[in-house]
Amino acid sequence: MTTRTGSAPEVEQLLEVFKALANPVRLQILGWLREPEENFLEERGRMVVEAGVCVSHIQAKAGLAQSTVSAYMASLQRAGLVRATRVGKWTHYRRDEERIARIVEILGRSL
């Protein structure tokens with residue numbers, strides 16, 4: 001018996017998302033990015049979310065090496081959960097809420 005749970009591209013999208021979220025730190029970072037104003041403040045108290053949150057702020061909060069955080073963010077970006085914006089030599093990240101909503105919709109249809 002064959003069961004169809006979604007188109008091949010949708011299944012691949014979900015698998016990439018599940019891989020990205022399988023790591024508890026990546027899941028935590030995505031949660032922090034949901035409310036960046038509350039989770040990322042510069043020392044001077046100014047919000048850091050105009051272009052997204054700078055990878056250095058994510059690194060400081062996570063307490064991990066820059067290379068590890070960069071690899072984690074690349075995984076979240078490949079899964080379509082975050083968007084990256086370059087500002088000078090720094091990369092800023094923010095959640096892709098529209099894409100997350102589509103993923104939730106696909107998941108709802110698939111299960």
Can you tell me how far apart [atom1] ([X]) and [atom2] ([Y]) are? Round to the nearest 0.5 Å.
| X | Y | atom1 | atom2 | result |
| --- | --- | --- | --- | --- |
| Ile106 | Gln13 | CD1 | CD | 4.5 Å |
| Leu76 | Tyr93 | CG | OH | 9.0 Å |
| Leu107 | Phe18 | CG | CZ | 5.0 Å |
| Arg94 | Leu33 | CZ | CG | 11.0 Å |
| Ile58 | Met73 | CD1 | CE | 4.0 Å |
| Trp90 | Thr85 | CH2 | OG1 | 15.5 Å |

Discussion item. Check whether Ser70 reaches the backbone of Gln66 with its side chain - one donor and one acceptor, N or O, closer than 3.5 Å.
Written reply: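 Yes; at least one donor-acceptor contact below 3.5 Å.
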
Discussion item. Whether the side chain of Arg26 engages the backbone of Ala20 through a donor-acceptor N/O pair (distance < 3.5 Å, no angle test) should be reported.
Written reply: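 Here the side-chain-to-backbone pair exists.
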
Practice prompt. Verify the cluster assignment for Leu27 and Val17: are they in a single hydrophobic cluster under the rule of side-chain heavy atoms below 4.5 Å apart?
Written response: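 Yes.
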
Worksheet item: Which is it for Ile100 and Arg95 under the side chain to side chain contact (heavy atoms under 4.5 Å, CB included) test, yes or no, and what are the steps along the way?
Response: CA-CA 8 Å; Ile100 291 171; Arg95 287 168 48 116; 3.7 Å; yes

Worksheet item: With Lys61, which residues qualify under salt bridge (Lys or Arg N to Asp or Glu O under 4.0 Å), at least two apart?
Response: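 Expected list: none.
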
Discussion item. For a side chain to side chain contact (heavy atoms under 4.5 Å, CB included) check, start with the C-alpha distance between Ile103 and Leu81, then their side-chain angles and the critical distance, and finish with the verdict.
Written reply: CA-CA 9 Å; Ile103 291 166; Leu81 298 168; 3.8 Å; yes

Practice prompt. Applying side-chain contact (heavy atoms from CB on, under 4.5 Å), name anything that partners Glu35, two or more places apart in sequence or on another chain.
Written response: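 Glu35: side-chain contact (heavy atoms from CB on, under 4.5 Å) contacts with Glu38, Asn39.
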
Discussion item. I need the minimum non-hydrogen distance between Val69 and Leu64, along with the two atoms involved.
Written reply: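 Minimum heavy-atom contact is CG2-CB, 3.9 Å.
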
Practice prompt. May I have all residue pairs that pass side chain to side chain donor-acceptor pair (under 3.5 Å) and include part of residues 73-83, sequence neighbours excluded?
Written response: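 Checked against side chain to side chain donor-acceptor pair (under 3.5 Å) - neighbours excluded - the pairs reaching residues 73-83 are Arg83-Asp96.
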
Worksheet item: Is the number of heavy atoms from other residues, nucleotides or ligands under 6.0 Å of Arg102 CZ greater than 12?
Response: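 For Arg102, atom CZ is crowded (more than 12 foreign heavy atoms under 6.0 Å).
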
